[in-house]
Amino acid sequence: AFKIRLPEMAGGTVTHASLYSNAEVGIYEEGEQYFFDSYFTDCSIKALRERKGDRPLLLNATYFAPHPPLDIPEPWFSRVKEGSFSLPDNVGVFSDGQSPLQLYNLPGYVGSRYDRSHWLEAWRVYLGLVSLLDDMVARLIGELKDQGLYDESVILFTSDHGEMLGSHALFQKMCMYEESTRIPLSFKMPASMAVKPTVIDEAVSNIDVMPTLCELLQLKVRQTFDGQSLLSLITSQKTQDSKRPIFIQFDGNGARGNFQRCVVHDGYKLIVDLFKDEVFYELYHLASDPQEQHNLLFEASYDERGADLYSMLATHMEATGDLLHLDGFDATEFRVRYGRGHL
């Protein structure tokens, strides 16, 4: 009930029939004690209680929630009530200017079969799943406090991807939109550092996490990092290099087949979506269009901005040995080929 069979391109030449989670919802009948995240939490607490000596402690608690399937135990299935939240405007909507190539891929194949009424229930259950994760993390923090470890602990909370959950009429991840690529990143610092809790609104990348931890823990490293430490930003809110672009890429899920490249810079995001012999461009201004509904490359006045970001992306791909090569950027030809009447 919580799986769907779909076509998946591998290597750009071969299609496989694969099984992936769908957006159906249900109550996990086996109950909380047999649910993934309850088990993971029990094991983590057991490890904390059985640790020996005063050696440095590293605990990796990798949770499944709030990943699909949306099949969750009580009381979390019923925790979030209908009418207690509203859907973003872009949920269930395949916007004008959005890449049609997404419909070939898992997010579009699964997501486009549901309307907003279904997404309303899927969101309700998903929010319950987020609440479950909150409760599991709270149990771990409670154990750290009980053992007197919390105050001087460094706690990193993050994720490997987001969730479309109907935005852009898509499901799961595997695309460059904000719902998929913008993830939580939270550092709880040792009390002795006297870091004031704050929210920092600056674009950073997952590749910045390792150099941040190495500097924080004063670890000697023998290699260079692609990312940069965020410690000064966290401790004193000093602005990082605001001109630094953030790059994102996707090369297919099970095997290379559909490709996407993205660069975020100076408040703009350029997405290059590739499937077979087609390339589709999307350009968004994130501050004024956070739900990415207005593809600016259908307006000639943004051609220079698009070309600059494209050049930045192509240079990065060449410098990092990307298997893909981008041909020249031609916004006029793009508009002729993908005029709105053909979407």
### Message
Tell me if a side-chain donor or acceptor on Glu121 pairs with a main-chain N or O of Val25 at a distance below 3.5 Å.
### Response
no
### Message
Rounded at 0.5 Å granularity, tell me how far CD1 in Ile248 sits from NZ in Lys269.
### Response
5.5 Å
### Gly162 backbone acceptor or donor facing Arg182 side chain under 3.5 Å
no
### Heavy-atom donor-acceptor pair, Arg261 side chain to Leu270 backbone, under 3.5 Å
no
### Query
For Asn60 and Thr62, what are the C-alpha separation, side-chain angles and deciding distance, and is it a side-chain hydrogen bond (donor to acceptor under 3.5 Å, both in side chains)?
CA-CA 6 Å; Asn60 290 319; Thr62 304; over 6 Å; no
### Message
Nearest 0.5 angstrom please: Leu87 CG to Leu165 CG, how far?
### Response
8.5 Å
### Query
Does any donor atom in the side chain of Thr41 or Arg139 lie under 3.5 Å from an acceptor atom in the other side chain?
no
### Query
Do Gln260 and Gln102 pass the side-chain hydrogen bond (donor to acceptor under 3.5 Å, both in side chains) test, and can you show the C-alpha distance, the side-chain angles, and the key distance before you say yes or no?
CA-CA 10 Å; Gln260 295 162 66; Gln102 286 295 318; 3.2 Å; yes
### Stepwise side-chain hydrogen bond (donor to acceptor under 3.5 Å, both in side chains) check, Asn90 with Glu179
CA-CA 11 Å; Asn90 70 352; Glu179 294 85 358; 3.0 Å; yes
### Query
In Å and rounded to the nearest 0.5 Å, what is the CG to CG distance from Asp37 to Leu129?
7.0 Å
### Residues Asp160 and Lys173 bridged, charged N to O under 4.0 Å
no
### Message
Rounded at 0.5 Å granularity, tell me how far CG in Leu213 sits from CG in Asp208.
### Response
11.0 Å
### Message
Less than 6.0 angstrom separating the ring centers of His285 and His294, yes or no?
### Response
no
### Check: Phe334 ring centroid to Phe298 ring centroid under 6.0 Å
yes
### Passing candidate, side-chain contact (heavy atoms from CB on, under 4.5 Å) with Phe329, options Asp308, Val279, Val272, Leu297
Leu297
### Task
Quick one: closest heavy-atom pair of Ser180 and Cys175, and the distance?
OG-O, 3.2 Å
### Query
Looking at Arg335 and Asp303, does any basic side-chain N land under 4.0 Å from a carboxylate oxygen?
yes
## Note on the structure
CG (Leu313) and NE2 (His265) are apart, to the nearest 0.5 Å, by 12.5 Å
### Query
What distance separates Asn22 CG from Tyr109 OH, expressed to the nearest 0.5 Å?
11.5 Å
### Query
Side chains of Tyr284 and Glu178: is there a donor and an acceptor less than 3.5 Å apart?
no
### Task
Classify the ring geometry between His168 and Tyr177 as parallel (under 30°), tilted (30 to 60°) or perpendicular (over 60°).
parallel
### Query
Residues in side-chain hydrogen bond (donor to acceptor under 3.5 Å, both in side chains) with Arg55, at least two apart?
none
### Query
When the ring planes of Phe36 and Phe64 are compared, do they come out parallel, tilted or perpendicular, using 30° and 60° as the limits?
tilted
